[in-house]
Amino acid sequence: MQNPFQQGAMITSTLAPNARFIHRLPPEIILEILKAHSLFVPSWRQPVLPMIRVAHVCRLWRAIIHRHPPFWATIHLDLYLCDRMELDQKARFWLARAGDELLDITINRSHTVEPNPFWSQPTGNCIAPLAGALCERVGRWRSFKICGTPRDVRLFFNSCVGLAAPNLGDITVVLQRDFNYGSLEVAGNPPLLIPFIQSSIIEPNVPLSISAICCIPEFPSFGADITQLHIEAKMFVCRGNNILDALKSCPNLEQFYLQGDLRPSAAQSQEFVTLPRLFSLEMDSLEARGPDGILPFLNAPLLRILSLHNIEWISETLWRYFRNCPLLSTISVRYETYTGYDGNPPELRSDTSLTLTAARQFEIHGNPIAYPLLQQLVIPAVEELTLRHVPCDIAHQLIASSTQLCALSLQKVAAITETLPPILLPALTSLKARDSLALLGSLRTSQLTSLTLAGEVNILRALLGAPLHELVERCAPSLIELELEDGVLDDDVLIACLTKLPRLEIFCLRRCTSSDAVLQALSNPSSDALGSGWLLPRLQKIYIESNIGITPAGIIELLASRNVISENHDATSYRTAPPRLAGRIQIHEEAHVTHDEFSKIESFGISMAFPASLYRRRPSGI
């Protein structure tokens with residue numbers, strides 16, 4: 001085969017002197033340009049022009065593209081076009097030009113149409129020849145994705161029986177509804193057999209990741225190669241044993257994710273499945289309780305990440321995981337709407353406390369069924385703690401046991417009448433509290449740099465002034481970022497707090513009762529017996545959004561003083577000009593904003609949401 005650069009040089013030498021500049025470039029440079037094009041991904045995620053189309057531009061480009069194997073190693077085949085072209089011939093065309101490159105293959109059906117017997121039959125006829133052509137190079141598959149009806153996908157995998165794919169690192173299977181052969185709910189019930197054989201009897205050559213959407217995979221021969229398994233089971237019901245059998249065949253599994261509207265029917269056995277290498281277990285939106293579930297039958301002694309979202313778990317199951325997985329470092333358990341709770345929290349069998357010595361991140365969105373477990377937990381090494389829907393006394397206990405806490409997030413922590421002892425948190429740098437102000441009086445922080453205080457969303461009844469004043473007294477002047485949301489806040493109290501925060505760089509005020517008086521205080525340097533200076537002299541970003549008392553005039557005054565003065569500070573009489581402000585402005589929907597005010601605010605170089613009042617009065621020509 002002639003060297004593409006030699007052939008390109010021959011074509012280049014025959015070009016007229018007035019040929020376009022790109023045609024006078026050396027073939028090596030043109031190849032680099034084409035490589036950059038093939039790797040380009042637009043911000044809107046639309047595919048770039050395929051290289052097979054680019055090859056039609058001219059003879060020179062065609063010669064370079066057809067003789068560069070990596071351009072042909074990514075193969076896309078559309079089953080929707082099977083009645084217009086022979087897909088197996090297209091596959092062979094690309095495979096021949098790909099040479100010895102590793103292959104990334106995608107088979108999909110771009111249109112799922114209504115019942116049409118004249119269309120559905122050719123699809124089945126083209127699957128076997130296509131599979132035969134691709135399987136001739138199965139040893140060079142690097143990734144494989146197939147999207148189609150259950151009938152199409154099973155027919156393709158029937159041609160893969162007994163084949164080994166030693167370089168295959170990623171398999172994705174997506175089942176789509178087949179309108180001609182019933183719904184996916186019926187067709188998707190049986191496990192989907194993926195019949196490759198193990199590539200190595202000792203260790204897998206390449207770590208293998210399996211993603212199965214709308215199906216439960218089954219791999220009896222090559223499960224030892226699989227290190228990652230991702231299952232999204234939607235629109236159908238399967239037995240819990242189908243999931244357990246899939247896991248049982250993957251002794252080297254390291255990461256497992258299960259999500260979907262899955263409600264396993266009764267399991268036929270209660271045999272434990274041990275996964276000695278599993279370090280990440282994530283489940284979302286499925287029933288997993290008692291003997292009918294999955295969680296009680298898994299054993300993962302090296303588990304480090306446990307994430308359970310919207311799952312009907314029971315305290316005994318979590319207790320067993322916490323006790324038997326000493327390396328657990330990241331824990332996230334969320335299920336606020338558990339409907340099985342009858343008003344009597346279950347009792348745990350053990351009366352002793354349980355210490356999670358390895359936990360660094362702990363998140364619990366509690367409900368009463370979790371309270372007995374939380375009362376017995378000790379988390380001394382946790383650095384990031386998130387508590388939601390947890391009683392104040394239980395939250396206090398968990399926080400007090402976390403002496404190394406760096407970030408704390410509280411939401412809807414119920415208040416109690418009794419006074420709680422103070423908690424010293426010397427390493428805490430970030431505190432977020434939404435509708436959880438009762439506990440703040442117990443926290444003692446000296447290194448806090450980021451503070452968020454918020455009431456209930458869109459309900460202005462939380463009094464933020466007192467807790468803000470107390471925290472500022474304890475953490476000033478280290479605070480760099482302050483966010484206040486959904487609360488009642490007196491202007492004088494807020495201004496007094498801001499005067500104690502000279503290092504503040506980011507200030508957010510969202511859906512509060514504050515007025516233009518706060519912005520006026522930020523707009524002009526003060527002058528008193530102690531000298532002159534700006535309030536928040538280091539402020540760089542400001543977010544003012546939907547505050548009922550703030551008007552466009554107040555925003556314009558602030559930006560006119562800060563953003564204009566920072567550009568012309570040499571001409572001012574002030575010793576130090578503050579930084580120019582960036583951020584976002586959104587005026588309350590009930591406020592009146594003119595087009596001139598909107599244009600004036602944007603002229604200061606800050607982003608502003610288009611006011612609702614202008615939508616209502618928008619001229620017909622705009």
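All of these numbers come straight from a predicted model, not from anything done at the bench.
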Closest non-hydrogen atom pair between [X] and [Y], with its separation:
X	Y	answer
Leu356	Pro380	O-CD, 3.8 Å
Leu385	Ser402	CD2-OG, 4.4 Å
Met608	Glu602	O-OE2, 3.8 Å
Lys541	Leu581	N-CD2, 4.5 Å
Leu318	Val333	CD1-CG1, 4.1 Å

Quick check against the 3.5 Å criterion: does [X] have a side-chain atom that pairs as donor or acceptor with the backbone of [Y]?
X	Y	answer
Arg562	Leu522	yes
Asn563	Arg580	no
Ser561	Leu558	yes
Ser436	Val413	yes
Ser515	Ala517	yes
Glu597	Thr594	yes
Gln411	Ala433	no
Thr429	Cys406	yes
Arg434	Gly455	yes
Thr513	Leu489	yes

List in chain and number order the residues that pass ring-ring contact (aromatic ring centres under 6.0 Å, His included) with Phe507, two or more places apart in sequence or in another chain; answer none if no residue qualifies.
none
State which residues pass ring-ring contact (aromatic ring centres under 6.0 Å, His included) with Tyr543; sequence neighbours excluded, sorted by chain then number.
none
Please examine the side chains of [Y] and [X], heavy atoms only from C-beta on, and report whether any two atoms are closer than 4.5 Å.
X	Y	result
Ser450	Leu448	no
Leu484	Leu451	no
Ile544	Leu519	yes
Thr355	Leu377	no
Thr330	Leu328	no
Leu278	Leu303	yes
Leu471	Leu431	yes
Gln176	Cys147	yes

Residues passing the salt bridge (Lys or Arg N to Asp or Glu O under 4.0 Å) test with Lys145, sequence neighbours excluded, are none
Nearest-0.5 Å distance that lies between atom [atom1] in [X] and atom [atom2] in [Y]:
X	Y	atom1	atom2	value
Thr172	Asn108	OG1	CG	12.5 Å
Ile542	Ile555	CD1	CD1	7.0 Å
Leu482	Thr452	CG	OG1	7.5 Å
Tyr257	Leu281	OH	CG	11.5 Å
Ile399	Ser442	CD1	OG	8.5 Å
Ile585	Phe604	CD1	CZ	11.0 Å

Do we see a donor-acceptor contact under 3.5 Å between the side chains of [X] and [Y]?
X	Y	result
Asn547	Ser514	no
His230	Gln228	no
Ser332	His309	yes

Please list all pairs meeting salt bridge (Lys or Arg N to Asp or Glu O under 4.0 Å) that have one or both residues in residues 490-508, counting only residues at least two apart or in different chains.
Glu473-Lys500
Under the salt bridge (charged side-chain N to carboxylate O under 4.0 Å, His left out) criterion, do Glu363 and Arg334 qualify, and how do the steps go?
CA-CA 8 Å; Glu363 177 183 17; Arg334 305 204 309 248; 3.5 Å; yes
Under the rule for side-chain contact (heavy atoms from CB on, under 4.5 Å), what residues qualify as partners of Glu456, not counting sequence neighbours?
Lys412, Asp435, Ile459, Arg461
Per-pair distances, 0.1 Å, donor-acceptor, side chain in residues 421-428, under 3.5 Å, sequence neighbours excluded:
none

